[in-house]
Amino acid sequence: MSDKPTTPLLDRVHGPSDLSQFSDAELERLAGELRAETISAVSKTGGHLGAGLGVIELTVALHAVFDAPRDKIIWDVSHQCYPHKILTGRRDRMSTLRQKDGLSGFTKRSESPYDPFGAAHSSTSISAALGFAVARDLGGACDTGHGDAIAVIGDGAMSAGMAFEALNNAGHLGKRLIVILNDNEMSIAPPTGALSSYLSRLYAEAPFQDLKAAVKGAASFLPPPFREGAKRAKEMLKGMAVGGTLFEELGFSYLGPLDGHDLHQLLPVLRTVRQRATGPILIHCITRKGKGYDHAEHAADKGHARGKFDVVTGEQKKAKSNTPSYTKVFAEALMQQAADDSRICAVTAAMPDGTGLDLFAERYPSRCFDVGIAEQHGVTFSAGLAAGGMRPFCAMYSTFLQRGYDQVVHDVAIQRLPVRFAIDRAGLVGADGATHAGSFDVAYLANLPGFVVMAAADEAELKHMVATAAVHDEGPIAFRYPRGEGRGVEMPERGEVLEIGKGRMIREGKGVAILSFGTRLGEVLTACETLEARGVSPTVADARFAKPLDRDLILRLARDHEALITIEEGAVGGFGSHVAQLLADEGVFDSGLKYRSMVLPDTFIDQASPEDMYAVAGMNAKDIEARVLSVLGVDVMDKRA
Ligand SMILES: Cc1ncc(C[n+]2csc(CCOP(=O)(O)OP(=O)(O)O)c2C)c(N)n1
Ligand SMILES: CC(=O)[C@@H](O)[C@H](O)COP(=O)(O)O
Ligand SMILES: [Mg+2]
């Protein structure tokens, strides 16, 4: 036995085609190396860990059997794509993961030809894969050629309506399409919903599934050892009425459940499917999220997301802070309100921890609902709760609320139902990048008649806004707040109910007024400090409301100053646009007011630290200072005129 250290197989992989040199036994060894590499990479950068560890063998098998990029492997959510990135020529850039100018934490078309479709929001993979399949059959031009379309979708993502819309259409079209259900019985939190129980039953009945495969003629897809058993079962089951799985009822061939960590099952099945599939086929793989790393596999969240960590101890290196997060402030304020009002209930779409509703659920389990990854349903469910006399708080990230926008308009706004929207992750979020930026909620809510739209300038304001929303029964009301910690302001014992449509003065000055909406107020006040040194003393006000606007405050600021600047952590079409509309309607511009509106630029900003992203957006203190000096005609180029 030579004691020469063997060269890691991973060192011989510069692209997936290099996997063809390996035997099945070597592929198993490669999987072990890939798992270790993934753990090591994420320990240095932080990121999504558990999901990627759960698909190590699946990633190796897919790239060994199929021919990416001609075959399109589409990862749902794609938070599990780090092993895929390592095998597809990006191993040397994994140290830049989720950082400024670095690799995205999700698949991204512009990053690699091996990423045929971008993701990050869940449940899109089957729709996208079907699009590729139909384009293939229609002879559409695709720069990497047309082969198989393979969607890899998790059990959580499968719970979203969009996934079933795609299955339904794919079953109807009957095109050759491969869907791999990566079933680890986990979402971010343990999965909820009847589908999750159904999948568990499928798993529990696994031998029966093999037998059914025999009856359904899919036995030939099974590895030889299973095939014999399945054939024998054929006789036994012939007389039985064997109902199809849900997927078969939708027109798919169903295969499984397979052990998603066993290459001896995965490789022969995928090879046979590649040779034989003629229509849509769903392969059900059972995996474990966090597989192969105890600190993940045995954690409650299975290592879904981690900061940088010590591989040996699993200890994360997160900077400790005494300032509570906005999320925690929201959750505690909501519990305080709920203690006195049994009508208060809460809805999350598979994000109990991220929204803080895990704390609310512990205290009020009967009044907290995790609807799964189902924002559309979550919004209309909240509307039904409101119509039924409850006071529902629908807590969703700004970016994920986009998934339920028609429901916001059609089921909530038009019916003027008093749903309370707690919009977390407002503004730029950092490492998750453009797909998770909370840029558009002010623009897409403040244009709806009857909506009240608020933004908390700090964590005390957030507490007041929760109290205000709790008692607002006249119609829908939304309040937004950013990811991360508050500004460390003094917290009130209880939130006070704010007067709807009224802002607040922060500091009196002259010449220029700055009207802030949201937490950029902190940057505004920092800018004022340096401006004072230059003899410029702006007036500053916190708008609190984008709808209804504080008309008196705005007109007074416009009247008493030569310039008015608004600032918000949102895209054009939001607060600043509504202020401009008011000023125009009131003819204020006729008297020569200089008006500037600081909004996010008309571009998608890639991942970086929030501060770096706001620097790209031109919305940090120094940008505000420059804007003030520019509008006052002081000689600083207004870079963003
Ligand atoms: C529309 C949408 N809502 C919520 C999320 C947040 N999210 C990211 S991953 C995830 C769980 C996905 O579960 P599953 O598909 O089973 O993948 P696993 O993490 O188990 O591999 C959720 C809810 C999202 N990415 N997209
Ligand atoms: C992949 C995904 O969509 C979630 O895991 C998201 O990254 C969570 O974001 P936060 O870290 O802001 O809770
Ligand atoms: Mg899962």
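Just so you know, ligand 1 is whichever comes first in the structure, and atom 1 is the first atom listed for that ligand.
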key: Under the salt bridge (Lys or Arg N to Asp or Glu O under 4.0 Å) test, residues paired with D115 that sit two or more places apart   =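 By the salt bridge (Lys or Arg N to Asp or Glu O under 4.0 Å) rule, D115 matches R90.
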query = With a cut-off of 4.0 Å, which atoms of ligand 2 are near a heavy atom of D432?
reply =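 The atoms of ligand 2 under 4.0 Å from a heavy atom of D432 are 6 (C), 7 (O), 8 (C), 9 (O).
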message = Does any N or O of ligand 2 fall below 3.5 Å from an N or O anywhere on H304, backbone included?
response =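 So ligand 2 has an N or O lying under 3.5 Å from an N or O of H304.
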message = Distances under 2.8 Å only: what protein N/O/S atoms are near the Mg ion (ligand 3), ordered by chain and residue?
response =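 Metal shell, protein only: D155 OD1, N184 OD1, M186 O.
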key: Atom pair NE2/CG of H63 and L270 - distance to nearest 0.5 Å   =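 Result: 12.0 Å between the selected atoms.
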request  = Answer yes or no: are there more than 12 heavy-atom neighbours, outside H298 itself, under 6.0 Å from its atom NE2?
outcome  =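 Yes, NE2 of H298 has more than 12 neighbouring heavy atoms, counting only those of other groups under 6.0 Å.
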More than 12 heavy atoms of other groups within 6.0 Å of K308 NZ =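 No - once you tally the heavy atoms of other residues, nucleotides and ligands closer than 6.0 Å, there are 12 at most.
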task = Give a yes/no verdict on whether any heavy atom in H121 is under 4.0 Å from an atom of ligand 2.
result =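 H121: no contact with ligand 2 (<4.0 Å).
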key: Non-neighbouring partners of Y326 that pass ring pair (Phe, Tyr, Trp, His ring centres under 6.0 Å), sequence neighbours left out   =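 Per chain and number, Y326 pairs via ring pair (Phe, Tyr, Trp, His ring centres under 6.0 Å) with no residue.
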key: Set of residues that line ligand 1, where lining means a heavy atom lies under 4.0 Å from it   =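 Under the 4.0 Å cut-off, ligand 1 touches A51, V77, H79, A120, H121, S122, G154, D155, G156, A157, N182, N184, M186, S187, I188, K289, H304, A350, M351, I373, E375, F400, R403.
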task = Could you pull out the closest heavy-atom pair between D370 and A350, with the gap in Å?
result =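 Closest pair (atom of D370, atom of A350, distance): OD1-N, 2.9 Å.
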From H436, R425, Q402, residue fulfilling side-chain hydrogen bond (donor to acceptor under 3.5 Å, both in side chains) relative to Y397 =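 The single option meeting the side-chain hydrogen bond (donor to acceptor under 3.5 Å, both in side chains) with Y397 is R425.
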